[in-house]
Amino acid sequence: MANRPCASAARCSSTVALLLLLALAGTSSAQLSTSFYSYSCPGVYDAVKSVMQSAIAREKRVGASIVRLFFHDCFVQGCDASLLLDDTPSFQGEKMANPNNGSVRGFEVIDAIKSAVEKACPGVVSCADILAIAARDGVVILGGPSWDVKVGRRDSTTASFTGANNNIPPPTSGLANLTSLFAAQGLSQKDMVALSGAHTIGLARCTNFRAHVYNDTNIDGAFARTRQSGCPRTSGSGDNNLAPLDLQTPTVFENNYYKNLLSKKGLLHSDQELFNGGATDAQVQSYVGSQAAFFADFVTGMIKMGDITPLTGSKGEIRKNCRRIN
């Protein structure tokens with residue numbers, strides 16, 4: 001039978017309102033929420049925090065490593081724990097892609113958290129959410145700001161080796177490339193500068209800063225020579241030697257990273273690009289003047305990054321083991 005027009009304007013209006021309400025209900029049920037585990041697993045946050053505190057007590061660098069895992073995960077297929085999947089003879093994951101191979105770390109900490117959470121609430125909490133919560137806790141434990149983590153993500157059953165190679169900004173990036181790669185994920189240039197402040201903690205490998213300390217001119221001479229002493233010029237020699245991303249306090253989350261940029265002591269080429277006579281200079285200076293402003297914008301950026309195309313509802317799965325599909 002052909003569709004008949006509404007008998008009255010009032011009925012049309014109520015029908016449209018009902019359809020709109022149903023549409024909104026369907027949408028909201030698939031959104032992330034800070035209260036997602038309030039009833040199904042209220043102990044998840046204590047379980048994650050406990051393991052993170054122990055891990056960071058053993059090795060301060062772990063806090064930065066977990067934040068980086070979250071970043072590298074979210075930039076490929078969204079925040080879906082695809083980075084945590086191991087390669088198998090029939091499955092190519094993201095761990096061996098150029099930005100990750102021999103570089104991303106902390107997987108055993110996520111395994112330990114997953115084990116603790118599974119004991120509390122079997123089959124309820126996704127690896128993607130565990131990674132998001134652990135990243136927040138890593139920042140807080142090292143002195144940074146806190147925020148309410150939105151949860152409700154599910155885990156991917158796929159990964160993208162190509163996406164990992166193409167979407168994650170390399171340390172050789174200029175400002176335009178950094179801005180473009182962040183924009184592709186729905187993140188603004190302001191978000192990019194704030195999120196780069198995660199480099200106030202952690203270490204980098206010689207292979208990632210060699211070109212900057214030997215070839216670039218926008219670098220303090222004494223600082224360059226200091227970094228050269230632990231990073232031979234020849235590629236393949238000392239590639240895995242480490243140096244702090246933040247010269248002063250690599251295990252404390254504060255705004256020294258930006259202060260270093262003002263004195264041309266950014267360790268990576270991509271770091272120093274944020275303060276190099278370009279569009280982001282003023283923002284860097286604002287963070288030097290106000291750690292509170294940096295913290296506020298960093299929190300905003302982390303929440304936005306956590307919102308990148310999550311799997312929700314019936315999509316994906318809740319992995320029993322973060323390293324493999326169920």
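- Under a 4.0 Å N-O distance rule, the pair D86/R324 does not qualify as a salt bridge.
- A distance of 4.5 Å separates NZ of K304 from OG of S188, quoted to the nearest 0.5 Å.
- Residues H212 and T172 are not in side-chain contact: their nearest non-hydrogen atoms beyond the backbone lie 4.5 Å or more apart.
- Summarising the geometry, atom CG belonging to L274 is positioned 9.0 Å from atom CG belonging to D281; distances are rounded to the nearest 0.5 Å.
- The CG atom of N276 lies 12.0 Å from the OG atom of S270; values are rounded to the nearest 0.5 Å.
- No side-chain donor-acceptor contact under 3.5 Å links N256 and T200.
- At a threshold of 4.0 Å, the pair R136-D148 does not count as salt-bridged, since none of the basic side-chain nitrogens sits closer than that to a carboxylate oxygen.
- R153 and D129 are joined by a salt bridge, as a carboxylate oxygen and a charged side-chain nitrogen come within less than 4.0 angstrom of each other.
- Distance check, rounded to the nearest 0.5 Å: CD1 of I308 to CZ of F71 gives 9.0 Å.
- S180 contributes no side-chain N or O that, together with a main-chain N or O of N177, makes up a donor-acceptor pair within less than 3.5 Å.
- Between the side chains of Y257 and D271, a donor-acceptor pair is found at a separation under 3.5 Å.
- Partner V193 forms a side chain to side chain contact (heavy atoms under 4.5 Å, CB included) with one of L178, L175, T280 and no other, that one being T280.
- Under the side chain to side chain contact (heavy atoms under 4.5 Å, CB included) rule, D73 has a single partner from V104, D80, I168, which is D80.
- Here the two rings, on Y287 and F275, have centers that are 6.0 Å apart or farther.
- The structure places CG of D155 at 8.0 Å from CG of L311, a figure rounded to the nearest 0.5 Å.
- Distance alone, capped at 3.5 Å, places no donor-acceptor pair between the S50 side chain and the A47 backbone.
- Side-chain atoms of S160 and T162 form no donor-acceptor pair, as typed in the model, at a separation below 3.5 Å.
- Not a single donor-acceptor pair under 3.5 Å links the side chain of K265 to the backbone N or O of D220.
- The distance between the ring centers of F253 and F298 falls below 6.0 angstrom.
- Residues H269 and P171 have side chains not in contact (no heavy-atom distance under 4.5 Å, counting atoms from C-beta outward).
- A donor atom on one side chain and an acceptor atom on the other are not found under 3.5 Å apart for R319 and T157.
- A donor-acceptor pair under 3.5 Å is absent between the side-chain atoms of N241 and the main chain of C231, judged by distance alone.
- Inspection of the H199 and D246 side chains reveals no N or O donor paired with an N or O acceptor under 3.5 Å.
- Judged purely by distance below 3.5 Å, without hydrogens or angles, the side chains of Q248 and N260 pair a donor atom with an acceptor atom.
- Taking the charged nitrogens against the carboxylate oxygens, D307 and K150 do have a contact shorter than 4.0 Å, which makes a salt bridge.
- A donor atom on one side chain and an acceptor atom on the other are found under 3.5 Å apart for R105 and S65.
- Formation of a donor-acceptor pair under 3.5 Å by the S229 side chain with backbone atoms of T226 is found in this model.
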